[in-house]
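Just below is one structure, and these are the notes that go with it.
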Amino acid sequence: MSIIVSTPKVDELSSAADVLKRWQLDEGALQLHSGDLGWHSQNGAEATAAAIRMWSCDGEVLAIGLLDGRGLVRLAVAPHRCEDAALARRLTADLDDPAGGVLAGDGGVTVEARGAELLTQLLLERGWERDEPWTTFHRTLSDPVEERGLRVETIEPDRAEVWVAVHWSAFRGSVRTDADRRRTVGRWLTMAGGPFYGDARSLALFDENDDAVAVAAVWSAGPGRPGLLEPIGVHHGHRGRGYGTAVTLAAAATLRDLGASSAGVCVQSSNAGAMATYASAGFTPSAEVTDLRRGPQ
């Protein structure tokens, strides 16, 4: 079969997201999700479109990759094509060739290809190595999700600063400048006004003093399909008080309200705090998965 690689136009982003939604399965690996495109869209619709690669044959999309930085591609393969030898060979050739336009340059590169076992095998045979392990957590949403009694707010654009401030503290822990604040709020607003946010909700958790202490974003893939938690963070000054578990439960409940069949999140296995948080929120870990890395050439 003749497989072509393309980059979508901005007006084709919704179609790419719809394909990824159809590929989300409760029994499948947590591969590239439409929500990953949504989170990336903070960079703008044009930049997000430019970062996507689509492998197709006779009008059927077989695989989608997101260039999440110069040296990382996050990949999803159509579930019924994961063991397709011709597709696996083409993906291997494109990913392994620095001049191929997928992972350009001669520096070290990484491929996230969860569930694509044949592709993984072929890359390993070419000298790629397994990178650090990750653990996927799932929680079924067939039953209502318990609450922790704290106020949860769905953040609208006029309250973006609340969400962004907690997120900054959770992942950077440093003082923000006014320029930082304007930039990060602007990025959030770009995401919220983009082509993917209709399937998303941004949540903030408040403590007894009505201070925002934790945030989460959730991304639905549509009714009856797994939803994604990305990202989740607790304010640097409010850790160790159970707020991570509380906001994770709120995120799962929101996905259930959106019709999701389950909630999923993937975390570095070395992140003991996050591992404990998701377990305490009723999420069940799956077997560890690894990215694949090729050193500089």
Side-chain angles (χ1 to χ4, degrees), residues 4-25 28 30-56 59-70 72-79 101-102 112 154-164 167 182-204 215-232 251 254-266:
I4 62 171
V5 185
S6 63
T7 298
K9 299 177 181 178
V10 170
D11 61 4
E12 296 172 324
L13 283 173
S14 295
S15 296
D18 287 342
V19 171
L20 287 176
K21 290 175 187 177
R22 292 196 297 271
W23 291 353
Q24 305 306 314
L25 303 173
L30 184 58
Q31 56 180 357
L32 182 71
H33 192 281
S34 55
D36 293 311
L37 304 189
W39 182 244
H40 192 276
S41 70
Q42 294 178 87
N43 300 301
E46 290 186 359
T48 301
I52 294 173
R53 299 293 182 271
M54 303 175 68
W55 286 261
S56 306
E60 178 190 3
V61 180
L62 309 178
I64 297 177
L66 172 66
L67 302 181
D68 200 356
R70 181 174 176 81
L72 168 65
V73 62
R74 306 177 66 187
L75 195 67
V77 178
V102 178
E112 176 190 294
T154 300
I155 299 298
E156 301 296 341
D158 62 339
R159 295 271 282 165
E161 167 63 23
V162 173
W163 198 96
V164 168
H167 181 265
R182 290 191 297 270
R183 176 177 56 83
T184 52
V185 169
R187 284 169 57 85
W188 190 95
L189 292 172
T190 296
M191 176 187 71
F196 309 103
Y197 199 70
D199 298 313
R201 300 291 185 273
S202 293
L203 309 175
V215 293
V218 300
W219 305 86
S220 170
R225 298 191 181 106
L228 177 70
L229 283 63
E230 171 63 28
I232 288 181
T254 299
L255 280 174
R256 187 174 189 272
D257 291 343
L258 292 171
S261 54
S262 64
V265 62
C266 199

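Residue numbers count from 1 along this sequence.
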Is the closest side-chain heavy-atom distance between L13 and L37 below 4.5 Å? no
Taking all non-hydrogen atoms of both residues into account, name the closest pair between W188 and A160 and its distance. CE3-CB, 3.5 Å
Could you report the tightest heavy-atom contact between V215 and W163, atom names first, then the distance? CB-NE1, 3.4 Å
Roughly how far, to the nearest 0.5 Å, is CD of Q31 from CD of Q24? 6.0 Å
Does any non-hydrogen side-chain atom of Q42 lie less than 4.5 Å from one of T190? no
For D199 and K21, work out which heavy atoms get closest and say how close. OD2-NZ, 2.5 Å
Interatomic spacing from CH2 in W39 to CZ in R187 - rounded to 0.5 Å: 8.0 Å
Do we see a donor-acceptor contact under 3.5 Å between the side chains of R53 and T7? yes
If every non-hydrogen atom of L229 is compared with every non-hydrogen atom of A263, which pair is closest and at what distance? CD1-CB, 3.6 Å
Quick check for you: to the nearest 0.5 Å, what is the distance between L75 atom CG and D68 atom CG? 13.0 Å
Shortest non-hydrogen contact from C266 to L30? N-CD2, 3.9 Å
Distance-only donor-acceptor check, side chains Y197 and S202, under 3.5 Å: yes
Are D257 and R201 close enough for a salt bridge, meaning some N to O gap below 4.0 Å? no
Test item: I232 and V265 side chains (from C-beta on) under 4.5 Å apart, heavy atoms: no
Short side-chain to backbone donor-acceptor contact, H167 and P231, under 3.5 Å: no
Please report the shortest heavy-atom distance between A76 and L20, naming the atom on each side. CB-CD2, 3.6 Å
d(M54 CE, E12 CD) to nearest 0.5 Å is 7.5 Å
Separation between CG of L255 and CG of L228, rounded to the nearest 0.5 Å: 8.0 Å
Between OG on residue S6 and CD1 on residue I52, distance to nearest 0.5 Å: 10.0 Å
Flag if over 12 foreign heavy atoms under 6.0 Å of CD, E46: no
